[in-house]
Every structure is written in structure tokens, then in C-alpha cells.
Number of protein chains: 2
Amino acid sequence: MNLKQLSEALSLSQTTVSRALNGYPEVSAETRKRVVEMARKIGYAPNSQARKLATGRAMAIGHVIPVSQHEMMNPVFMEFIAGAGEAYSRLGYDMVLKVVPDAQVEGAYRELASLKKADAVIVHGPRIHDTRHEILDTLGVPFLIHGRIPGQEEARSWIDMNNAHAFERATDLLLDLGHRRIALLNGLEDMDFAARRRRGFEKALTNRGLSTDPALMRQADMTEPYGAESALDMLDGANPPTAFLVSSMISALGVARVISQKGLQIGRDVSVITHDDALSFLPNGGDDPIFTCTRSSVRYAGQRAAELLIEQILPNPDVPVHEYLEAELIIGQSTGPCHATA
Amino acid sequence: MNLKQLSEALSLSQTTVSRALNGYPEVSAETRKRVVEMARKIGYAPNSQARKLATGRAMAIGHVIPVSQHEMMNPVFMEFIAGAGEAYSRLGYDMVLKVVPDAQVEGAYRELASLKKADAVIVHGPRIHDTRHEILDTLGVPFLIHGRIPGQEEARSWIDMNNAHAFERATDLLLDLGHRRIALLNGLEDMDFAARRRRGFEKALTNRGLSTDPALMRQADMTEPYGAESALDMLDGANPPTAFLVSSMISALGVARVISQKGLQIGRDVSVITHDDALSFLPNGGDDPIFTCTRSSVRYAGQRAAELLIEQILPNPDVPVHEYLEAELIIGQSTGPCHATA
DNA sequence: GGATCCTCCCAAACCGCTTTGAATTACAAC
DNA sequence: GTTGTAATTCAAAGCGGTTTGGGAGGATCC
């Protein structure tokens with residue numbers, strides 16, 4: 001069922017039918033009504049490939065999700081994508097998604113762009129030595145970064161939360177509670193967000209004249225066992241931490257598991273603050289959340305990213321847009337004053 | 001840079017250039033070489049919309065991910081998609097993904113199909129009263145179900161794990177260990193997989209002449225707090241369970257958290273078996289996994305689903321294919337003999 | 001009455017690729 | 001020298017829409 005058949009059924013030209021369906025003004029109300037009704041009756045739906053070819057727009061946004069070396073799929077991506085997907089369906093766009101190993105990420109962006117499979121792309125998980133912005137520039141594809149690429153803060157469009165500030169505040173909170181040995185369980189620090197969180201952590205310490213202890217700082221893919229193993233090592237170590245600052249709820253669950261297993265009570269014997277991306281399957285809410293946390297919804301970030309990309313960047317690709325999301329610092333049950341006999 | 005320009009630069013017809021690039025035999029080796037080199041030199045990439053229009057194939061598979069009433073994004077979907085995505089890039093297909101509220105799932109499939117945005121689709125999360133197969137049939141779109149739609153086992157293509165058998169075996173294991181009060185924390189039982197798991201659980205009990213206790217059976221979206229709250233309620237109840245059978249690692253973590261908090265030891269005081277989808281951010285591996293589990297990798301399921309859909313179903317949509325994945329029953333640290341003074 | 005302006009509709013070009021059907025050339029066979 | 005065959009190459013016709021540039025008919029204005 002194509003336009004031609006529909007127009008023949010109506011004894012109208014394809015032009016008129018097309019215009020009627022797409023809301024152009026140079027069609028009488030009566031004709032439009034007739035067209036719309038007939039289209040519905042015989043179940044006409046425009047072929048999207050043909051439309052894309054004719055208009056030159058793909059009406060799709062590309063996402064490339066990297067799978068890390070260790071085959072880890074970060075659930076944060078999924079939640080971001082859920083937010084973006086909601087916005088896409090509202091705005092009439094499609095999402096074309098590629099899930100590829102780290103090493104093929106650039107190639108995937110190149111493909112989406114040069115084959116015109118997407119009008120624009122979202123850059124996920126920027127690294128401190130990222131080069132994707134250059135590739136996308138030469139390809140002429142508008143894009144928005146979820147996070148920031150160092151050195152590209154002004155020139156590029158991005159949406160990001162204030163990682164450094166959030167972790168500085170979290171660290172301050174622990175320091176205010178009297179903690180001095182604070183462990184940082186971070187994500188991989190070649191990722192920009194993790195590097196920023198570390199800087200925030202370090203800044204809070206140095207602001208009070210404290211030094212950082214490399215034995216208490218780790219980075220890895222943020223799995224549950226990563227949290228558990230790190231906590232076990234550190235708590236069994238010579239000079240154990242009294243508090244943990246963790247980059248992900250998932251790893252924080254591992255930390256909590258180990259603390260309980262050792263017969264310690266979280267929030268009393270050991271404090272934990274985690275970053276909470278507000279993942280839907282790990283709600284940490286209510287009046288008195290399980291974990292004290294810095295919270296920023298990635299799902300909302302995804303939604304805003306899609307909106308910004310479609311509404312601001314596509315119509316005007318040369319004006320960079322920036323959006324800051326402040327993380328909330330929310331007090332829960334997992335923090336309390338330090339009781340260590342310093 | 002399009003075909004026409006490329007062919008002019010080579011003083012060849014578009015036909016020949018197209019054939020040379022697409023590997024057709026009726027082009028001399030020398031000409032092909034010349035074409036390929038020039039294409040690379042001037043950076044020609046075929047416009048995929050045009051190609052799709054001309055060939056009539058979208059070279060894309062559609063996925064529609066439902067977001068449940070409670071706004072929950074099931075991470076299982078993401079992992080499935082990671083597996084499928086790997087296969088798609090290998091096979092030259094794209095994935096077009098829609099994330100929509102439960103109520104709009106049908107419409108999303110309809111759109112993908114009637115607008116020819118995808119050559120085939122994957123049906124996620126079948127329910128016991130699902131109707132998507134009918135819609136897709138009338139639209140004439142090949143599809144593969146991840147799971148099964150009751151009554152459609154023979155006629156449709158699907159890939160599924162043996163949910164009933166896995167949960168029956170898990171229950172048997174607990175019964176063998178002497179447990180008699182076993183709680184089932186299931187997913188929502190209007191989902192086919194959850195209904196099957198429940199049947200497996202009940203079958204194991206009735207096989208030994210035991211009856212089920214409604215107070216020990218719950219169903220919900222499988223979040224961490226769901227596990228925690230259910231465990232807390234039940235353990236504080238009049239006649240607490242000595243073992244838990246949980247449909248998801250995420251909820252199992254919640255169960256484990258509560259058990260530890262109550263000063264009980266998991267595996268000794270209370271046993272837990274969980275289904276383990278082998279989510280990459282929740283590894284439960286090693287010689288002696290944290291959780292005793294029934295394990296079946298959804299990522300592998302995603303990969304196989306994509307392969308089956310592209311290699312078997314697309315060329316021959318009328319021959320249904322079925323693939324069974326058996327779950328392994330893996331003994332970990334979370335199960336042990338029942339010590340309850342019955 | 002004629003020029004001007006809308007309103008509404010249409011034929012045809014175009015988007016960039018694939019594919020059909022045919023033409024050209026070269027060479028061997030008869 | 002004609003014919004048959006294989007190897008190359010090409011012009012043109014789609015694929016199914018959108019968009020350009022008119023054109024017909026009626027109303028408005030001098």
C-alpha cells in the first residue's frame with residue numbers, strides 16, 4: 001500500500017495526498033479529511049526509508065554503547081537510554097543502538113554518520129583522552145556528550161552532573177563526621193566522570209590539610225564483587241578505613257555485604273556514601289534511604305539529552321549547549337560519626 | 001559524495017560501480033580494483049536510506065522494551081540487547097530500539113513494522129495473555145519471542161530457558177536439604193517466565209506431598225528493596241521460612257542484606273537460591289559463588305536470538321524455530337541444611 | 001472587462017541506490 | 001566471413017516518498 005495507490009483510490013495526485021497527510025496548508029479542509037479517512041481505511045503508512053531518502057533526514061539518533069574490556073555492560077547506559085527513549089517517542093525520533101567492544105566505538109560512530117543512519121549521535125562515557133569529537137566533526141555530525149571531554153568543555157555540547165562537587169561534598173560530610181581514613185572505590189579513572197570524582201575527593205582532603213592514601217583508592221568496573229572484595233581487603237588491612245565513598249550503588253551493595261558479614265554495622269561501625277544514579281531497579285529512596293548518597297538521575301539526564309539534541313542542537317549545530325545537573329546529597333542510614341580510636 | 005559523482009570520477013556507469021562495490025561477478029578484476037581504490041580515496045559511503053529503499057530491506061531488527069508500570073527498567077533487557085547487539089554488528093544489521101510504557105508496546109511494534117523500519121522484531125517479555133503475535137502476524141513481520149507465549153509454543157519461533165524445570169530442581173535441592181518452609185520471591189506472574197517458575201516450584205512441593213503457603217509467595221518487579229522488604233516481613237512473621245527461592249540476583253541481594261542485618265548467616269541459618277541471569281555487573285562466579293543459583297546467560301540468549309532471527313527466520317519465515325536453553329544449577333555459599341526445629 | 005490575487009491541485013523532477021535488459025567488444029568456432 | 005559465446009559495461013527503470021514550479025478557476029479590485 002503506497003502513496004500512488006492511495007492517490008489513485010482518491011483520484012488525486014500524489015502531491016496533494018502527501019501534502020494533506022503532512023499538514024501543509026495548500027489543501028482544502030474537505031480534501032484533507034477525505035484523504036486522512038481513506039488512508040486510515042485502507043491502512044496506508046508511508047514507507048520510512050523513502051521518506052528519509054526524500055527529506056534527507058533519518059529521523060533517528062545514534063547511540064553507541066561500549067562494552068568494557070571485562071565484558072561489563074554498565075546498567076547506567078540502559079537507564080540513560082530509557083530516559084532518552086521516552087523523549088524520542090514523544091518527539092517522533094527513532095533510536096539506533098550499537099553495542100560494540102571498546103575498540104570498535106569509533107568505527108561505529110563513523111558508520112552511523114557516514115552512512116547517514118542517524119542525524120545526530122550521543123557520545124556516551126567520554127574518556128579523558130577521547131577523540132570521538134574530532135571524528136564526528138570531520139564527519140559533520142551533530143552530537144551531544146553525556147559527560148565532558150577534557151579541553152572541549154566550551155566548544156562542544158554536553159549534559160553532565162557536577163561530579164567533582166558532589167564527591168567533594170560527600171567527602172566533606174564524612175570528614176565532618178570525624179572520619180579520617182576514607183576509602184574511595186571509584187570507576188575506571190580514564191573515564192572523565194571518575195577522574196572528576198577523584199579530584200573532588202582529593203580536593204576535600206587537601207582543603208583540610210589531609211593527604212590521600214593510595215592504599216585506600218581503587219578504580220575498576222563497578223560490579224558488586226568489586227565493592228565486596230575491596231572492602232574486605234581494606235577492612236582486613238593494617239590500617240583500615242572507617243568510611244567508604246563509592247562510585248556506584250552496585251558496588252556499594254558489595255561493600256555493605258562485606259561489612260555485615262564481618263559483624264559490623266553499617267552507619268555505626270563503618271560509614272558508606274555512594275553515588276546513586278537512581279537506577280530503577282535499585283531504588284534508594286524514602287525518608288531515610290538505606291544509603292547516604294549523592295544522587296542524580298541518569299534517566300532524567302537521558303531525557304534531557306534527547307530533548308536538547310533534537311530541539312537545540314539539530315536546528316543550530318554550531319551553538320554549543322551545556323546543561324549542568326547538580327547532584328543532591330541525601331543523608332541516609334549508612335553514615336554516622338567516626339568511633340575509631342584514632 | 002554519492003554514487004553518481006564517484007562513477008563520473010571513474011568514467012564508469014553507476015551500474016558498474018555499484019556492482020564492483022557490492023561484489024557482483026560481472027565486473028573485471030581490474031575495474032573492481034580501480035573502483036574500490038577510488039571509493040576509498042574520495043571517501044565514498046553509500047547512503048543507507050537509498051540502499052534500503054532500493055533493496056526493500058531495512059537491514060535492521062526492531063526491539064521494543066517495555067517500562068513497567070512502576071517505571072522499572074529491567075536490566076535483563078539491557079544484557080539481552082548487549083548480546084544481540086554483538087551479533088548484529090557481526091551480521092551487518094542495525095538495532096532500532098524503542099523504550100515505551102507498557103501500554104504503548106503494541107503501537108510501537110505496529111510502527112516498526114508498518115513503516116518498514118525493521119525487517120523483523122524481537123518480542124520481549126511475553127505475558128501469559130499476550131497478543132503481540134497476532135498483531136505482528138497481520139502486519140506480516142517475522143519475529144522471534146524471547147520466552148514463550150502460552151498456546152503459541154509450536155507455531156511461533158522462540159528462544160527460552162527451561163524456567164519450570166530450573167525452579168523445580170532448585171526447590172528439590174532445598175527440600176533435599178531438609179527445608180520445608182520455602183519462600184518464593186517471584187517476578188510479576190502475568191509474565192510467562194514467572195508463571196512457569198512458579199509452576200516448577202509448586203510441582204516440586206506437590207511431588208513430595210507438600211502444600212504451598214500463600215504467605216510465602218510474592219510477586220513484584222524485581223528490585224533490591226523488594227527482596228529486602230519481603231525477607232524482613234517473612235522472617236519477622238509468625239512462621240518464618242528457612243529458605244528463599246528468588247527470581248533475580250538483584251532481589252536476592254536485598255534478601256541477603258536483611259539476613260545479615262538480622263545477625264543471621266546466609267547458608268547456615270537461612271538458605272537462598274536465586275536465578276542468576278549472568279548479568280555482567282553482578283557476577284556470581286568462581287569455584288564457590290556467593291549465591292547458589294540456577295544460571296542461564298541472557299546475554300547468550302540475546303546473541304542466539306539475533307542469529308536465529310537473521311539466519312533462520314528471515315530467509316524462511318514460515319518455519320518456526322525453537323531453542324531451549326537449560327539453566328545450570330550451581331551450588332554456592334548460600335545454601336545449607338535446614339536447622340529449624342520443626 | 002481586465003488585471004491581480006488567492007485557493008487548491010497537479011505533473012514532473014528529485015533523493016541515491018539497485019537491478020533489469022540490452023549493447024558492445026573480443027575471441028573462438030565453423 | 002559469419003556466427004556463437006563469454007566477458008564487460010551501460011542506459012534506464014524502478015524503489016516510494018517530498019518538493020518545485022506552475023496552472024486552472026474563482027473572487028476581488030479598479
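Just so you know, these numbers come straight off a predicted model, no measurement behind them. Here is how names work: the chains are called A, B, and so on, in the same order as the sequence lines, proteins then strands, and each is numbered from 1.
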Under-4.0 Å side-chain N/O to phosphate OP1/OP2 contact, A:Asn2 with D:dG16: yes
DNA chain C contacts made by residues 11-37 of chain B, counting heavy atoms under 4.0 Å: B:Gln14, B:Thr15, B:Ser18, B:Arg19, B:Asn22, B:Tyr24
Listed once per pair and sorted, the ring pair (Phe, Tyr, Trp, His ring centres under 6.0 Å) pairs that draw on residues 98-127 of chain A, sequence neighbours left out: A:His63-A:His124, A:Phe77-A:His124, A:Phe80-A:His124
Under 4.0 Å between a Lys/Arg side-chain N and an Asp/Glu carboxylate O for [X] and [Y]?
| X | Y | result |
| --- | --- | --- |
| B:Arg90 | B:Glu307 | yes |
| A:Arg148 | A:Glu153 | no |
| B:Lys117 | B:Glu111 | yes |

Whole angstroms only, please: what is the [atom1]-[atom2] distance between [X] and [N]?
| X | N | atom1 | atom2 | result |
| --- | --- | --- | --- | --- |
| A:Asn47 | D:dG17 | CG | C1' | 8 Å |
| A:Gln49 | D:dG14 | CD | P | 21 Å |
| B:Leu10 | D:dC10 | CG | P | 10 Å |
| A:Arg51 | D:dT19 | CZ | C1' | 14 Å |
| A:Arg57 | D:dT19 | CZ | C1' | 12 Å |

Approximate separation, where rounding is to 0.5 Å, of A:Arg304 CZ and A:Leu144 CG: 10.0 Å
Spatial distance of atom CG (A:Asp318) from atom CD1 (A:Ile313) [nearest 0.5 Å]: 11.0 Å
Check: B:Ser280 side chain, A:Met73 main-chain N or O, donor-acceptor pair, under 3.5 Å: yes
Donor-acceptor contact below 3.5 Å, side chain A:Asn316 vs main chain A:Gln312: no
Outermost DNA chain C nucleotides near chain A [under 4.0 Å, heavy atoms]: C:dC8 to C:dG16
Axis-to-axis angle between the two ends of the helix from C:dG1-D:dC30 to C:dC30-D:dG1 (five base pairs per end, rounded to 10 degrees): 60°
Side-chain donor-acceptor pairs under 3.5 Å in residues 40-48 of chain B, sequence neighbours left out?
unit_1, atom_1, unit_2, atom_2, d
B:Asn47, OD1, B:Gln49, N, 2.7
B:Asn47, OD1, B:Ala50, N, 3.0
B:Ser48, OG, A:Leu115, O, 2.6

Test of ring centre spacing under 6.0 Å for A:Phe143 and A:Trp158: no
Qualifying side chain to side chain donor-acceptor pair (under 3.5 Å) pairs, either residue in residues 135-145 of chain B, two or more places apart: B:Asp137-B:Arg156
